[in-house]
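Any value given below was found using the heavy atoms of this structure, including those in side chains, with hydrogens, waters and symmetry copies removed. This one's a predicted model, so the numbers in the text were calculated from it and none came from an experiment.
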Number of protein chains: 2
Amino acid sequence: MPRATLHNRQDSLERALHLFWQKGFHATSLKDLERTLDMRPGSIYAAFGSKDALFQEALERYARLGLVELERTLAEYDSPLSGLAAYLRKLGCLRDQELPSRACMLVKSLLELGEREQAALGKAEALLEAMEACFVDQFRAAKHAGELEPSADPVRLGRRLQAEVMGLRAYAQREVDSQAVHALADDMARSIEALRLS
Amino acid sequence: MPRATLHNRQDSLERALHLFWQKGFHATSLKDLERTLDMRPGSIYAAFGSKDALFQEALERYARLGLVELERTLAEYDSPLSGLAAYLRKLGCLRDQELPSRACMLVKSLLELGEREQAALGKAEALLEAMEACFVDQFRAAKHAGELEPSADPVRLGRRLQAEVMGLRAYAQREVDSQAVHALADDMARSIEALRLS
DNA sequence: CGATTTATTGAGCGATTGCTCAAAATTGGC
DNA sequence: GCCAATTTTGAGCAATCGCTCAATAAATCG
């Protein structure tokens, strides 16, 4: 009985994510979204509620995809430390890929949003926390596997890695050449590998 | 013969810097600036030209103050490596101070600005490059002083430190407790000190 | 073929954006 | 006190902002 839906919601969300990731929340206007989603304002609001709500959905999707990618990388390695090092080296290729932005959308949001967008800001913080928790878990696994010395603190190591990833990706956002980012990521990866008990 | 200028230009710039650093470029409206500077639009435009130009001046002032602070810290130590470690530990106190933002304004700008604000974006990049160059110089000095092993690469070390500072300050922007930021900064400082030849 | 249901449209709302400029206010020199 | 020089004002511009909603289009039902 109803009219068939013309737009695939998932696909629209993907396009919106692409746009928000590239331009940030404030610099993305509804006109931009209308163009990119090929939808009129009414349809966008019927599907997503508001610009803010759409942004939050995009944030969550971004983080989910990022976590999947992280865990996929980690799963390729038997050694937890090797998995983390490999993840860093993958990030070193950021400058080569064609992406909306080289910087992490969560960090972009963390730095851009203020009190007026508290809901989205809180979501970004929570998702960063989840990312950090994943790192901590991985270091815990490394410790359990005997890769780390007994005195090692997985919480501090996870926190440090989180900060390094934030830094690496912010650095990659600069107009530096690809080789520099690769070298930086490699240096960070070596630091992780240096934690391994020989 | 002219009418005396009512507002101190330097002071106005300082207030604008405070506001831009806190809210970012896009989220700061002229109404906000009018309120904070206690100036009407005409005066602001007479003094600074445009919102974009004012932002660029604020960026430059921010970076100049930051570089001064960095060099002041470094000058307190005879050992280049100790100076860098001390700088990191100072950043570890970010969460305790009352600042417009814990994140670096240059990084916030780097992540927020797009093609439409290319001039300001380019300025932020150049200022970050200057910061990195300062780090590189310091590592060069450390190498010359025999603190680093001969094979050490000051360019890579400077780049790495730049990324760590970016990461540390982005991390500090999160709603984490002060102790975590202190621990993170300390871990980073220890990494620097670990480079020292015993 | 209606009838019904739902998706989509797009003109346009009130508010806000960055900004302009003629007028008013304030000074110092004569 | 008056003129000239300069700063400051603030109403208000055109454009854009996020968003609403009555009208329209499309699809499935009997």
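- Near DNA chain D, defined here as any heavy-atom distance below 4.0 Å, the residues from residues 41-52 of chain B are B/P41, B/G42, B/S43, listed numerically.
- The CD-C1' distance, from A/E34 to D/dC17, rounds to 11 Å in whole Å.
- Between A/L54 atom CG and D/dC19 atom P there is a gap of 10 Å when expressed in whole angstrom units.
- The shortest non-hydrogen separation linking A/A120 to A/L59 is O-CD1, 3.6 Å.
- Within residues 18-31 of chain B, the residues approached by DNA chain C to less than 4.0 Å at the level of any non-hydrogen atom are B/T28, B/S29, B/L30, B/K31, in residue-number order.
- Between the C1' atom of C/dT8 and the CG atom of A/L33 lies a distance of 17 Å, rounded to the nearest Å.
- Only one option out of A/E164, A/E132, A/Q162 pairs with B/Y171 in a side chain to side chain donor-acceptor pair (under 3.5 Å); it is A/E132.
- The side chain to side chain donor-acceptor pair (under 3.5 Å) analysis of residues 43-55 of chain B, with sequence neighbours excluded, yields the pairs B/D52-B/Q56.
- In this structure, A/R116 places its CZ atom 12 Å from C1' of C/dT17, rounding to the nearest Å.
- When the shell of 6.0 Å around CD of A/E115 is examined, it contains 12 or fewer heavy atoms from other residues, nucleotides or ligands.
- In this structure, a donor-acceptor pair under 3.5 Å is present between the side chains of A/S79 and A/R196.
- The distance from atom CG of A/L37 to atom P of C/dG10 is 15 Å, rounded to the nearest whole Å.
- Between A/R40 atom CZ and D/dT20 atom C1' there is a gap of 16 Å when expressed in whole angstrom units.
- Side-chain contact annotation: B/E117 with B/H26, donor-acceptor N/O pair under 3.5 Å present.
- Heavy-atom contacts from other residues, nucleotides or ligands closer than 6.0 Å to CG of B/D78 number 12 or fewer.
- Interatomic distance, OG of B/S191 versus CG of B/L88, reported as 9.0 Å (0.5 Å rounding).
- Protein atom CZ of B/R35 is 12 Å distant from nucleotide atom C1' of C/dT16, rounded to whole Å.
- The distance between atom CE of B/M39 and atom P of C/dA25, rounded to the nearest whole Å, is 19 Å.
- The shortest non-hydrogen separation linking A/A103 to A/Y62 is O-OH, 4.3 Å.
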